[in-house]
Amino acid sequence: MNAPLPPMVGLDAIRAAEARIVGRVARTPMARSPALSGAFPVFLKLETRQPTGSFKLRGATNAVLALGGQGPGFVTASTGNHGRALAHAARAEGGRAVICMSSLVPSNKVEAVRALGAEIHIVGRSQDEAQIEVDRLVREEGLVEVPPFDHAAVIAGQGTLGLEILADLPEVAQVLVPLSGGGLAAGVAAAVKAMRPRARLVGVSMARGAAMQASLAAGRPVPVEEVATLADSLGGGIGLANRHTFAMCRALLDDVLLLTEEEIAAGIRHAFTAENEVVEGAGAVGIAALLSGKAKAEGPTVLVVSGRNIDEGLHRRILRGDMA
Ligand SMILES: *Cc1c(COP(=O)(O)O)cnc(C)c1O
């Protein structure tokens, strides 16, 4: 019996996404970090500079355009940054967005999505419970779902970030990518490995509730308990019926690293004091992995700094070293 081809998103789809979203998302800078560079240069791919403060605008914009702009509206369950991105992308095309999120999502993220003109439904205490409301809206109101990571158009949109890395640093040897549901890691890895197969692609998650890492270890998607973490944008499961990102991460990632909360806090502090960047926990994990010694730059290395949306008060407490 022939095994079916894995549900991979390839270079052609990522290039098509790039052509579709150009001018609607930022082409973000790759800033060399003197503080983190040693024998080899280390670059920060600053997705903090996207209009909504994270790379998620790439995938959401590609999905909205690929799925036909307006229609009856778009819906998603989101821990914040994807909801913000979909709200922005739908409004840019004159469409409607409904965002469902769990009560664990920090209030700054809820308000930011509301301010972008989306309708908010707060349901349950996990991504899975918020998803039940999404399913209802699709069924009963005919809205079109744009999931946060497990969708070919979303993965292809995130992959455009990988094309920019290759264009700016053709000799890239290693990319550290924040890893949650795996849309970012799958897209970036697909782009980079297609053109530079020997580059190392490393996913980085928090030790508390790392769903993709647990699933890769188990050989199939498994549920994890959702717990509070400084890297709140990395929380949530990968979906037990995962179609794309599990197979892609299994095929394309060379390693997955897990970080403690202290290490993530050190990454946030370094980003601010040494790189002059406000970075949320999820966005700081690449920096944290290098600082902790769990990752090493054994060739030109890129850290995907995936987002900046952190509660101001939390950011201040972390800078003070006050971690309670
Ligand atoms: C969503 C998100 C991630 C993780 O992306 P996945 O595609 O779910 O793996 C990382 N960083 C930030 C800031 C995010 O918003």
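Numbers here are sequence positions counted from 1. In listed order, ligands and their atoms are each counted from 1.
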A.B. asks: Can a non-hydrogen atom of Gly182 be found less than 4.0 Å from any atom of ligand 1?
C.D. replies: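 Judged by the 4.0 Å heavy-atom criterion, Gly182 does count as contacting ligand 1.
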A.B. asks: Regarding Asn242 and Thr245, do their side chains bring together a donor and an acceptor under 3.5 Å, going by distance alone?
C.D. replies: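 Note: Asn242 and Thr245 side chains meet the donor-acceptor criterion.
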A.B. asks: Looking only at distances, can you tell me whether any N or O atom of Gly183, backbone or side chain, sits closer than 3.5 Å to an N or O atom of ligand 1?
C.D. replies: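 Right, the criterion is met.
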A.B. asks: With heavy-atom distances below 4.0 Å as the criterion, list the atoms of ligand 1 near Asn81.
C.D. replies: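 So the answer, numbered in order with elements, is 13 (C), 14 (C), 15 (O).
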A.B. asks: Regarding Ser102 and Glu129, is there a side-chain donor-to-acceptor distance under 3.5 Å anywhere?
C.D. replies: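 Distance-only check fails for Ser102 and Glu129.
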A.B. asks: Looking at Ser233, which atoms of ligand 1 are within less than 4.0 Å of one of its heavy atoms?
C.D. replies: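 So the answer, numbered in order with elements, is 1 (C), 2 (C), 12 (C), 14 (C), 15 (O).
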A.B. asks: Same cluster or not: are Val98 and Val123 linked, directly or through other Ile, Leu, Val, Met, Phe, Trp or Tyr residues, by side-chain heavy atoms under 4.5 angstrom apart?
C.D. replies: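 Looking at the clustering, Val123 is in a separate group from Val98.
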A.B. asks: Number the atoms of ligand 1 from 1 as they appear, then name those within less than 4.0 Å of a heavy atom of Phe55, with their elements.
C.D. replies: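 Every atom of ligand 1 under 4.0 Å from some heavy atom of Phe55: 1 (C), 2 (C), 3 (C), 5 (O), 10 (C), 11 (N), 12 (C), 14 (C).
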A.B. asks: Decide whether Ile120 and Val75 are clustered together by the hydrophobic rule: side chain heavy atoms of Ile, Leu, Val, Met, Phe, Trp, Tyr closer than 4.5 Å, transitively.
C.D. replies: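 Looking at the clustering, Val75 is in a separate group from Ile120.
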A.B. asks: Are Thr76 and Glu145 linked by a side-chain donor-acceptor pair shorter than 3.5 Å?
C.D. replies: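 Glu145 and Thr76 do not have a side-chain donor-acceptor pair below 3.5 Å.
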A.B. asks: Is there a polar contact between ligand 1 and Leu179, counting only N or O atoms under 3.5 Å apart?
C.D. replies: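 Min N/O separation from ligand 1 is not below 3.5 Å for Leu179.
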A.B. asks: Is the contact between Met212 and ligand 1 made by the side chain, the backbone, both, or neither, using heavy atoms and a 4.0 Å cut-off?
C.D. replies: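 No part of Met212 is near ligand 1 at this cut-off.
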A.B. asks: Could you tell me, atom by atom, which parts of ligand 1 come under 4.0 Å of a heavy atom of Pro178?
C.D. replies: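 Ligand 1 atoms under the 4.0 Å threshold to Pro178: 10 (C).
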A.B. asks: Would Gly181 count as a polar contact of ligand 1, with the cut-off being nitrogen or oxygen pairs under 3.5 Å?
C.D. replies: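 N/O-N/O distance below 3.5 Å exists for this pair.
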A.B. asks: Below 3.5 Å, N or O to N or O, backbone or side chain included: is there any such pair between Ser306 and ligand 1?
C.D. replies: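 Yes; at least one N/O pair falls below 3.5 Å.
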A.B. asks: So if I count the atoms of ligand 1 from 1 in the order they appear, which ones are less than 4.0 Å from some heavy atom of Glu280?
C.D. replies: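 Once the distances to Glu280 are compared, the set is 13 (C).
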A.B. asks: Evaluate Lys56 for polar contact with ligand 1, using N/O atom pairs at a separation under 3.5 Å.
C.D. replies: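 Yes; the residue has a nitrogen or oxygen that sits under 3.5 Å from a nitrogen or oxygen of the ligand.
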A.B. asks: By number and element, which atoms of ligand 1 are closer than 4.0 Å to a non-hydrogen atom of Gly307?
C.D. replies: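 Under 4.0 Å from Gly307, ligand 1 has these atoms: 13 (C).
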A.B. asks: Knowing that exactly one of Arg20, Arg24, Gln158, His151 qualifies, which makes a side-chain hydrogen bond (donor to acceptor under 3.5 Å, both in side chains) with Asn62?
C.D. replies: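 Result: among Arg20, Arg24, Gln158, His151, Arg20 is the only option passing the side-chain hydrogen bond (donor to acceptor under 3.5 Å, both in side chains) with Asn62.
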A.B. asks: Under 3.5 Å, is there a donor-acceptor pair linking the side chains of Glu280 and Asn81?
C.D. replies: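 Yes, side-chain donor-acceptor contact under 3.5 Å.
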A.B. asks: Heavy atom to atom 4 (C) of ligand 1, shortest distance: which of Val285, Leu234, Leu184 holds it?
C.D. replies: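 Of the listed residues, Leu234 has the closest heavy atom.
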A.B. asks: Give a yes or no on whether the ring-centroid distance for His244 and Phe149 is below 6.0 angstrom.
C.D. replies: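 Ring centroids of His244 and Phe149 are no less than 6.0 Å from each other.
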A.B. asks: Ignoring hydrogens and angles, state whether a donor on the side chain of Ser54 or Glu47 is under 3.5 Å from an acceptor on the partner side chain.
C.D. replies: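 Glu47 and Ser54 do not have a side-chain donor-acceptor pair below 3.5 Å.
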